[in-house]
Amino acid sequence: MQVAVVTFDGFNELDSFIASALINRCRKDGLEAFITTPTPVVTSMNGVEVTGQRPMEFVTEADVVLIGSGVKAREVVADDRLISRLALDPSRQLVGAQCSGALVLARLGLLDSMPACTDMTSRPFVEARDVTVLDAPFHAEGNIATAGGCMASQYLATWVITRTLGEAAARGVIDYVAPVGENQESVDRAMRAVRAGEVVLR
């Protein structure tokens with residue numbers, strides 16, 4: 001199973017790297033994340049240059065697509081050519097967005113019938129697209145999820161691992177990366193956030 005962590009120029013390092021790092025702890029179980037970029041090299045909001053592991057077209061074959069956030073999100077959604085490269089299909093893919101990544105999902109028409117989570121800076125722009133923004137760190141309906149706040153990227157990763165490999169695998173990953181002495185607390189918090197935010201569609 002392959003995960004595309006879509007990372008645009010001006011990206012937030014926490015959003016892309018935390019999710020990909022947590023998911024890649026499951027490589028031995030067949031789940032692997034790749035930093036997926038529209039150009040060979042992208043530069044973060046803090047000037048860190050990163051070479052993409054996969055081109056944008058990888059999103060069409062990935063089992064999971066996570067849209068990262070960044071300071072140029074509004075430029076991304078205004079770029080019709082770039083948006084056209086994001087051919088997502090929630091009927092066969094898990095699709096998630098971190099912070100301003102919710103703008104991209106809204107632009108793609110994937111949030112028409114569901115509320116979303118995002119960061120405080122992005123909130124008015126997401127709401128301007130007629131999307132209800134929740135005061136919560138994580139929300140998912142069916143195969144679509146959004147997370148708000150940089151550190152909520154752990155919840156997005158927890159959701160992906162739970163949905164693909166099961167709760168035990170997700171618990172194991174969070175337990176491994178948790179601050180020493182806070183293992184159970186960290187695991188419980190992550191699982192609680194995902195459970196509380198997930199709506200099972202029937």
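Not measured: the values here are computed from a predicted model.
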Give me the atom names and distance for the closest heavy-atom approach of Ala106 to Val131.
CB-CG2, 4.0 Å

What pairs of donor and acceptor atoms, side-chain ones from residues 44-51 against any protein atom, are under 3.5 angstrom apart with sequence neighbours left out?
unit_1	atom_1	unit_2	atom_2	d
Ser44	OG	Glu13	OE2	2.8
Ser44	OG	Asn46	N	3.1
Ser44	OG	Gly47	N	3.3
Ser44	OG	Val48	N	2.9
Asn46	ND2	Glu13	OE1	3.0
Asn46	ND2	Glu13	OE2	3.2

With a 3.5 Å distance limit and no angle check, can you tell me whether Asp79 reaches the backbone of Glu75 through a side-chain donor-acceptor pair?
no

How long is the gap from CZ on Arg192 to CD on Glu185, to the nearest 0.5 Å?
8.5 Å

Using the side chain to side chain contact (heavy atoms under 4.5 Å, CB included) criterion, which residues pair with Asn183? Sequence neighbours excluded.
Asp175, Ala178

Between Val6 and Val64, is there shared hydrophobic-cluster membership here, with clusters defined by ILVMFWY side-chain heavy atoms closer than 4.5 Å?
no

Taking the side chain as every heavy atom from C-beta outward, state whether Asp9 and Thr39 have any atom pair closer than 4.5 Å.
no

Are Trp159 and Glu198 packed together at the side-chain level, in the sense that at least one heavy-atom pair is separated by less than 4.5 angstrom?
yes

Can you tell me which residue among Leu88, Ile67, Val95 is in a side-chain contact (heavy atoms from CB on, under 4.5 Å) with Val59?
Leu88

Please enumerate all residues that pass side-chain hydrogen bond (donor to acceptor under 3.5 Å, both in side chains) together with Thr118, with sequence neighbours excluded.
none

Less than 4.5 Å apart, any side-chain heavy atom of Ile174 and any of Arg189?
no

What residue pairs, at least two apart or across chains, pass side-chain hydrogen bond (donor to acceptor under 3.5 Å, both in side chains) with a residue in residues 61-71?
Asp15-Ser69

Could you list the donor-acceptor pairs under 3.5 angstrom formed between side-chain atoms of residues 29-36 and any protein atom two or more places apart in sequence or on another chain?
unit_1	atom_1	unit_2	atom_2	d
Glu32	OE2	Arg27	NE	3.1
Thr36	OG1	Phe34	O	3.0

For Ser91, all residues meeting side-chain hydrogen bond (donor to acceptor under 3.5 Å, both in side chains), sequence neighbours excluded:
Asp89

Approximate separation, where rounding is to 0.5 Å, of Thr158 OG1 and Arg163 CZ:
14.0 Å

For Thr162 and Met191, work out which heavy atoms get closest and say how close.
OG1-CE, 3.9 Å

Residues at least two apart in sequence or cross-chain that pass side-chain hydrogen bond (donor to acceptor under 3.5 Å, both in side chains) with Gln184, listed by chain then number, are Asp188

In terms of hydrophobic clusters joined by side-chain contacts under 4.5 Å, are Phe138 and Val126 together?
no

Counting heavy atoms not belonging to Arg81, are there more than 12 under 6.0 Å from its CZ?
no

So which atom in Thr37 and which in Gly52 form the shortest heavy-atom distance, rounded to 0.1 Å?
OG1-CA, 3.4 Å

Residue Arg74 excluded, over 12 heavy atoms near CZ under 6.0 Å
no

Output every pair passing side-chain hydrogen bond (donor to acceptor under 3.5 Å, both in side chains) with a member in residues 123-139, not counting sequence neighbours, ordered by first then second residue.
Arg123-Glu127, Arg123-Asp135, His139-Glu141

Under 4.5 Å between side-chain heavy atoms, counting indirect links through other Ile/Leu/Val/Met/Phe/Trp/Tyr residues: same cluster for Leu86 and Leu103 or not?
yes

Write down the atom of Asp119, the atom of Ser122, and the distance for their closest heavy-atom approach.
OD1-OG, 2.7 Å

When the side chains of residues 164-173 are checked against the rest of the protein, which donor-acceptor pairs come out under 3.5 Å, sequence neighbours left out?
unit_1	atom_1	unit_2	atom_2	d
Thr164	OG1	Val160	O	2.8
Thr164	OG1	Ile161	O	3.4
Glu167	OE1	Arg195	NH2	3.4
Glu167	OE2	Arg171	NE	2.9
Glu167	OE2	Arg171	NH2	3.3
Glu167	OE2	Arg195	NH2	3.0

Result block: side-chain N/O donor-acceptor pairs under 3.5 angstrom for residues 145-156, not counting sequence neighbours:
unit_1	atom_1	unit_2	atom_2	d
Thr146	OG1	Cys117	N	2.8
Ser153	OG	Cys150	O	2.8
Gln154	NE2	Met151	O	3.1

same_hphob_cluster(Phe58, Val104) at 4.5 Å side-chain heavy-atom cutoff:
no

Can Met114 be reached from Val199 by stepping across I, L, V, M, F, W or Y side chains whose heavy atoms are under 4.5 Å apart?
no

Side-chain heavy-atom pair Leu82, Phe8 within 4.5 angstrom cut-off:
yes

Enter the distance from Arg85:CZ to Thr60:OG1 here, rounded to the nearest 0.5 Å.
11.0 Å

Set of side chain to side chain contact (heavy atoms under 4.5 Å, CB included) partners for Pro179, sequence neighbours left out:
Glu182, Ser186

Taking only residues at least two apart or on different chains, which pairs with a member in residues 95-111 satisfy side-chain hydrogen bond (donor to acceptor under 3.5 Å, both in side chains)?
Asp80-Arg107

Please report the interatomic distance CE(Met1) to CG(Leu94), rounded to the nearest 0.5 Å.
9.5 Å

